[in-house]
Amino acid sequence: MNEDLCLSEDQRDALQEVANIGMGQAGSALARLLDTFVALSVPRIQLVRVTELGKALADMVGSSCPVTAVRQSFQCDIRGEAIVIYGQEGTNQLWDLMGYEPADEPDAAAERELLVDVANVLVGACICNVFEQLGRSLSFSRPTVIGENVPVEYLMQPSALPWKVALLVEVNFSLRDRQFTSHLLTLMPEDSIRQMKRALDHFLASL
Amino acid sequence: MPLPVLVVDDSAMARKMLIKSLPASWDVDISQAENGIQALEQYRAGKAAVMFLDLTMPDMDGYQVLETLRREELNTFVIVVSADLQPKAQERVRALGAIAFVTKPVTPEKLLPILKEYGLYE
């Protein structure tokens with residue numbers, strides 16, 4: 001792996017802290033949406049070879065259960081992919097938390113729409129805030145479902161991502177009294193990692 | 001004698017930002033900790049008349065620090081500094097004995113009224 005892609009200790013620390021603040025925004029948005037308390041995680045940062053991405057995702061999500069995921073691309077001078085991963089129970093739990101009656105048996109389209117909407121809220125609040133802290137504003141693609149009830153390793157096939165190395169940033173949101181956790185991952189390719197390192201240096205120098 | 005102040009956060013950058021936000025003329029002796037375990041050690045060594053405490057940290061988080069302080073009837077002014085914006089997080093830390101909750105990113109304007117209110121800084 002290229003040396004110049006590795007984050008210095010200061011860069012990693014700064015990225016973790018801006019991710020922490022972004023996660024706070026997203027957690028608050030999710031808490032308002034679901035009217036419940038959302039527990040936040042410590043952001044995790046990892047530089048991975050794309051060929052090993054599946055395994056890295058599985059380690060971070062920490063579950064062998066099938067997952068459903070929503071993907072959204074973001075872009076400024078730094079570009080990347082944001083992916084929200086829900087566990088198997090995620091859909092039912094969300095349906096229930098949104099105050100829909102269990103009797104209103106959700107059809108597949110309505111379920112998908114809910115997962116996409118929640119993902120959009122998390123991505124919008126967290127990623128926008130992170131880049132705002134770094135003095136940037138983003139544009140996003142429309143969110144799309146990239147896998148339904150599939151093993152997490154299958155979500156990001158190396159062929160679907162024409163990069164060699166990715167910077168992976170993970171935060172997660174869990175509800176204490178429910179079996180609900182959703183992971184928000186961002187992946188950035190080589191050119192964006194270099195740009196991100198510059199952005200973090202600039203940010204650190206401005207403190 | 002300078003007031004012993006402890007800054008607890010797993011991020012070095014966050015600790016730096018907090019320390020820079022303290023009043024320049026405040027007569028304090030600042031120590032730092034990266035997690036809850038270190039924070040309690042420093043507290044027991046007399047380094048924390050005032051503690052600025054992050055919530056999300058590896059190896060014992062801020063909630064666990066507050067619970068330990070309360071269970072062992074330990075006395076310090078704890079000001080929680082967190083990216084968590086949820087009103088319930090604020091309620092929880094106040095119920096656990098924190099005197100205040102400051103949301104990140106921290107600024108001098110957010111800290112000063114709290115320090116004045118508790119007579120920690122004139």
Side-chain angles (χ1 to χ4, degrees), chain A residues 7-45 121-122 125-127 129-135 169-177 184 199-207, chain B residues 7-22 24 32-39 52-67 80-96 98 101-111:
Chain A
L7 273 65
S8 70
E9 198 178 321
D10 282 351
Q11 288 165 345
R12 177 178 287 264
D13 180 65
L15 180 56
Q16 195 166 2
E17 184 60 13
V18 296
N20 178 41
I21 293 174
M23 175 179 57
Q25 297 281 339
S28 166
L30 186 63
R32 278 198 305 274
L33 187 69
L34 302 179
D35 196 22
T36 187
F37 184 72
V38 177
L40 306 174
S41 68
V42 177
R44 289 183 284 189
I45 296 169
V121 166
L122 292 177
C126 183
I127 315 263
N129 182 269
V130 164
F131 281 88
E132 206 175 286
Q133 291 178 72
L134 299 175
V169 182
E170 186 261 7
V171 297
N172 64 66
F173 308 89
S174 55
L175 310 182
R176 290 247 159 90
D177 45 348
L184 169 55
L200 290 167
D201 284 341
H202 190 258
F203 178 70
L204 281 161
S206 73
L207 295 180
Chain B
V7 179
V8 189
D9 200 303
D10 54 327
S11 163
M13 187 189 88
R15 295 196 300 272
K16 184 179 164 191
M17 282 177 82
L18 188 127
I19 291 165
K20 285 186 79 167
S21 300
L22 299 176
Q32 302 186 37
E34 288 178 21
N35 58 49
I37 295 167
Q38 287 181 9
F52 293 95
L53 179 67
D54 182 25
L55 289 179
T56 48
M57 293 182 290
D59 305 325
M60 191 181 238
D61 66 19
Y63 290 111
Q64 291 170 298
V65 171
L66 286 166
E67 280 160 11
V80 168
V81 182
S82 173
D84 198 328
L85 306 173
Q86 299 174 82
K88 275 184 195 154
Q90 306 209 13
E91 284 165 27
R92 244 182 103 189
V93 302
R94 282 178 181 274
L96 286 168
F101 191 109
V102 177
T103 55
K104 287 180 176 180
V106 64
T107 60
E109 294 72 30
K110 289 180 186 171
L111 291 180

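The structure displayed is predicted, hence computed values, not measured ones. Reminder, nothing fancy here: chain letters follow the sequence lines and each chain counts from 1.
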Close contacts, residues 80-90 of chain B versus chain A, judged by heavy atoms under 4.5 Å: B/Ala83, B/Asp84, B/Leu85, B/Gln86, B/Lys88, B/Ala89
A/Glu17 side chain near B/Met17 side chain, heavy-atom distance below 4.5 Å: no
Side chain / backbone / both / neither for B/Asp9 at chain A, heavy atoms under 4.5 Å: side chain
Contacts of residues 9-16 of chain A with chain B (heavy atom under 4.5 Å): A/Asp13, A/Ala14, A/Gln16
Within residues 200-207 of chain A, residues adjacent to chain B where the heavy-atom gap is under 4.5 Å: A/Phe203, A/Leu204, A/Leu207
Which atoms of A/Gln25 approach chain B - backbone, side chain, both or neither, heavy atom under 4.5 Å: both
Residues that A/Ser41 engages under side-chain hydrogen bond (donor to acceptor under 3.5 Å, both in side chains), provided they are two or more places apart: none
